[in-house]
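Just so you know, these numbers use all the heavy atoms, side chains as well, and skip hydrogens, waters and symmetry mates. Below, read A as the first sequence line, B as the second, and so on, with proteins coming before strands; counting in each chain starts at 1.
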Amino acid sequence: MTATPTTTISTQSFRPRPPEAGPVERPRPVDPAEQHEIEQFLYFEAQLLDEARYSDWLDLLAEEVAYRMPSRGNRLHRDLTREAGGPGDLGHYDEDLATLRLRTARVQQTVAWSDNPPPRVVRAVTNVQATRPPDRGEDVFAVRSVVNAYRNRLADDTDHFTGFRADVLRRGPEGLLLAERTVYLADSVILAKNASLFL
Amino acid sequence: MTTAPPEGPSAAARDLIDLDLGTLNREVFESGPLLRTELATVFTRSWLFLGHESRLSRPGDFTTAVMGQDHVIVTRSRDGRIRAFLNVCRHRGMRVCRADSGSATRFTCSYHGWSYDGTGALVEVPNHDDGYEGRLPLDRWGLVPVTRVESYRGFVFGCWDEDAPPLAEYLDGYRGVLDWATDGLDEPELVGPIKWRLQGNWKLAAEQFANDTYHPQTAHLSATSLLGVNMPTEGRELGSRYGHGWTIILPEDPNYAAFTFGRDPDSAEPGHQALIHGTVFPNFSMLGDRVLRVWHPRSVDDMEIWSWVLVDASWSPEQRRQAMRMATLTFSSTGIVETDDSENWSEIQAVGGGHVTGRTALNYQMGLGSTTTGDPAVPGFTGEVGHILNDVGARAFYRRWLELMEGPAPTLPQTAPAPMPAPSGR
């Protein structure tokens with residue numbers, strides 16, 4: 001059982017708050033040392049991906065890792081809870097450790113033409129908000145962060161990817177591990193010839 | 001080797017393709033004027049995929065679609081009929097429906113409030129009484145209906161040409177593919193689409209899916225080696241007179257079982273093949289694992305890809321998710337197979353603008369002269385058939401393309417402006 005990922009748009013989105021509801025509930029951040037550790041983990045992970053050190057990146061993943069990137073759609077307000085796809089919908093990623101290993105093994109081959117010559121990618125990770133999900137003990141964190149990635153490939157093949165990530169990190173023997181990630185890109189139509197990079 | 005040079009940027013389609021020689025001048029991927037002709041002929045005279053009935057099960061259910069560059073709403077109206085009309089308000093041309101899908105009894109324009117019902121009829125015009133003095137003939141200003149909407153096996157198509165053959169006839173031997181795709185499913189359900197954009201002419205993708213079983217051994221080597229897939233070497237490539245092309249193999253090929261659907265793996269009856277890939281002309285493609293595609297022409301060098309998966313609604317959540325995961329892993333915006341296709345298409349386009357490049361012929365000669373007519377395994381099919389490594393599907397695609405490019409545009413729906421009746425009592 002894992003922590004509930006952040007919902008993208010709640011049933012409350014775009015609606016005035018009902019009068020009986022109380023004021024906004026503020027998050028209870030983790031302590032500064034933990035916040036620092038979590039941020040450094042995310043920055044290091046982004047560095048490994050930028051440098052295409054995929055074998056090293058896999059070391060940061062928990063055995064039970066779930067990596068998703070649902071598709072987003074344009075829905076009317078009344079249908080907003082369906083604006084991001086669930087597990088029964090078609091998305092851009094729905095991976096476990098086995099398929100992440102497969103995907104990274106492909107890119108490590110010289111005949112993976114889409115990545116040879118390789119693209120140049122820079123990821124910026126910001127807005128890191130970490131909390132402890134209830135009933136998960138001291139070693140599990142729910143982390144929301146924003147990722148901005150710029151990818152340049154060959155001469156002028158350039159793409160921007162922006163979204164937020166709902167992660168679950170847990171502490172393993174060697175340090176933090178990524179146990180869950182759901183990437184919510186801000187695009188309904190991916191404005192790139194592929195989104196086959198990890199964000 | 002060069003072909004006869006086109007006279008300018010608007011060279012005629014017939015000067016760019018030589019089907020006897022099996023060559024194609026790449027101007028067909030580069031010319032803006034040719035795209036305008038395609039939109040006026042190819043995309044108006046062909047049956048275009050609009051969606052699947054599983055997404056339109058209740059009255060009011062709607063989805064949006066694109067026919068060439070014409071945006072349409074597809075909906076099941078109250079009378080149970082599936083209809084399609086331009087997603088464009090008749091008043092000032094605003095997009096009427098801006099949601100991808102949903103359920104609605106009315107489509108109301110967000111500009112001035114003209115409102116249309118599920119049959120496309122204009123049912124409300126704000127200030128009709130004072131602004132228009134009640135004189136606007138509402139029945140003349142409904143949403144423009146797609147001339148014909150027909151379904152085959154739940155697949156909904158639309159066509160602007162009154163004189164086009166009925167959908168079932170148009171699909172030709174490809175009907176078998178849609179039969180095989182749905183026969184194994186109790187309750188076919190279309191899931192998706194996911195969408196992405198690619199620098200590349202739409203035909204690069206459409207013709208490849210229609211024809212090309214030659215490229216995987218090179219283009220997809222990184223994926224096939226890891227997936228443990230050996231590309232089939234025995235099978236057939238078919239090309240229909242309506243421009244459809246597809247590749248079938250014998251399903252006994254154990255290397256490919258997971259990627260193909262067949263009528264009945266234990267049967268020796270005709271129809272006992274499996275699909276690798278295929279295209280219903282012009283831009284609706286399918287793969288053997290029931291991934292469906294439309295390649296939308298956004299501009300001459302820009303396509304938008306819509307991708308779905310056909311599943312069985314009665315599958316368990318886990319089965320369903322496995323089908324999605326397989327499609328995502330292989331053929332999708334992040335697919336380990338697809339990624340190398342998009343590399344090829346976009347780089348073909350990227351180097352296509354050169355003057356000399358544009359006048360250099362491309363080769364579609366594989367299997368030229370070694371095809372036969374008809375296929376005993378595809379009843380009623382009278383098109384051309386060749387070995388699995390044969391450009392017959394691509395040649396059929398471009399033969400039909402040329403026929404339509406050279407032919408007339410259809411008569412479009414009656415959209416002549418209706419006059420305003422004179423005010424009464426004057």
Side-chain angles (χ1 to χ4, degrees), chain A residues 67-80 82-83 85-96 98-117 119 153-157 159 183 185 187-199, chain B residues 64 97-104 189-200 218-227 291 303-309 311 315 317-318 320-329 332-347 350:
Chain A
Y67 183 98
R68 295 181 60 231
M69 187 191 291
S71 62
R72 311 280 299 270
N74 300 294
R75 300 283 193 168
L76 298 173
H77 277 191
R78 62 176 183 255
D79 297 328
L80 278 182
R82 290 188 289 142
E83 77 85 41
D89 294 312
L90 186 60
H92 303 293
Y93 277 116
D94 185 6
E95 312 303 312
D96 57 19
T99 58
L100 289 173
R101 281 197 176 122
L102 189 75
R103 285 176 178 275
T104 52
R106 187 195 81 86
V107 182
Q108 289 172 329
Q109 297 177 82
T110 56
V111 292
W113 311 116
S114 65
D115 288 70
N116 187 15
R153 174 155 166 65
L154 301 172
D156 54 1
D157 191 350
D159 303 304
V183 183
L185 276 188
D187 308 271
S188 67
V189 179
I190 302 274
L191 302 176
K193 66 179 174 184
N194 67 60
S196 59
L197 73 175
F198 299 111
L199 293 172
Chain B
T64 52
C97 175
R98 289 164 296 140
D100 300 332
S101 61
S103 186
E189 180 191 348
L190 192 64
V191 185
I194 55 172
K195 304 175 182 178
W196 67 103
R197 286 186 190 170
L198 180 63
Q199 178 190 255
T218 305
H220 300 314
L221 182 58
S222 65
T224 53
S225 61
L226 285 168
L227 293 168
V291 170
M303 72 175 111
E304 184 164 301
I305 303 175
W306 290 19
S307 185
W308 300 263
V309 182
V311 302
W315 283 348
E318 195 43 42
R320 179 188 177 97
R321 189 170 182 186
Q322 275 311 316
M324 306 292 164
R325 294 190 67 209
M326 195 63 197
T328 300
L329 178 66
S332 75
S333 50
T334 65
I336 62 174
V337 185
E338 182 108 23
T339 299
D340 289 317
D341 282 325
S342 51
E343 176 74 2
N344 287 322
W345 299 331
S346 64
E347 286 298 299

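- Of the atoms belonging to B/Glu304, it is side-chain heavy atoms, and not backbone ones, that fall under 4.5 Å from chain A.
- Contact of B/Ser346 with chain A is made through the side chain alone, with heavy-atom distances under 4.5 Å.
- The parts of B/Ala104 that come within reach of chain A are both its backbone and its side chain, each placing non-hydrogen atoms under 4.5 angstrom from that chain.
- Interface residue A/Ala192: only backbone heavy atoms are found under 4.5 Å from chain B.
- For the pair A/Lys193 and A/Asp157, the salt-bridge criterion is met [side-chain N within less than 4.0 Å of a carboxylate O].
- Proximity to chain B is absent for every atom of A/Gln108, based on heavy atoms less than 4.5 angstrom apart.
- Note on B/Asn344, B/Ile194, B/Leu198: by heavy-atom pairs under 4.5 Å with chain A, the leading option is B/Ile194.
- With hydrogens and angles ignored, the 3.5 Å screen pairs a side-chain donor or acceptor of B/Asp340 with a backbone N or O of A/Ser114.
- Proximity of B/Thr328 to B/Thr334: side-chain heavy atoms (C-beta onward) are separated by under 4.5 Å at one or more points.
- Proximity to chain A is limited to the side chain of B/Ser225, based on heavy atoms less than 4.5 angstrom apart.
- Contact check on A/Arg72 versus A/Glu83 returns a salt bridge, with a Lys/Arg side-chain nitrogen under 4.0 Å from an Asp/Glu carboxylate oxygen.
- For a residue to count as touching a neighbouring chain, one of its non-hydrogen atoms must lie under 4.5 Å from one of that chain's; by this rule A/Leu197 does not touch chain B.
- Of the inter-residue distances, the one linking B/Ser332 atom OG with A/Met69 atom CE reads 10.0 Å to the nearest 0.5 angstrom.
- Looking at B/Trp306, neither its backbone nor its side chain comes within 4.5 Å of chain A, counting heavy atoms on both sides.
- For chain A, the option among B/Ala223, B/Ser101, B/Gly192 with the highest count of heavy-atom pairs below 4.5 Å is B/Ser101.
- Using a 4.0 Å cut-off between charged nitrogen and carboxylate oxygen, A/Glu95 and A/Arg103 count as a salt-bridge pair.
- For chain B, the nearby parts of A/Asp94 are the backbone and the side chain; heavy atoms of each come within less than 4.5 Å.
- Interface remark: of the candidates A/Ser188, A/Ala112, A/Ser71, A/Ala112 forms the most heavy-atom pairs closer than 4.5 Å to chain B.
- Annotation: maximal heavy-atom pairing with chain A below 4.5 Å, among B/Val309, B/Ile305, B/Asp341, B/Thr339, occurs at B/Thr339.
- Ionic pairing of B/Glu343 and A/Arg153 is present here: one or more N-O contacts between side-chain nitrogen and carboxylate oxygen are shorter than 4.0 angstrom.
- The side-chain heavy atoms of B/Arg320 and B/Val191, taken from C-beta on, include a pair separated by under 4.5 Å.
- Under 4.0 Å is where a charged nitrogen must lie from a carboxylate oxygen, and between A/Asp96 and B/Arg325 at least one such pair does.
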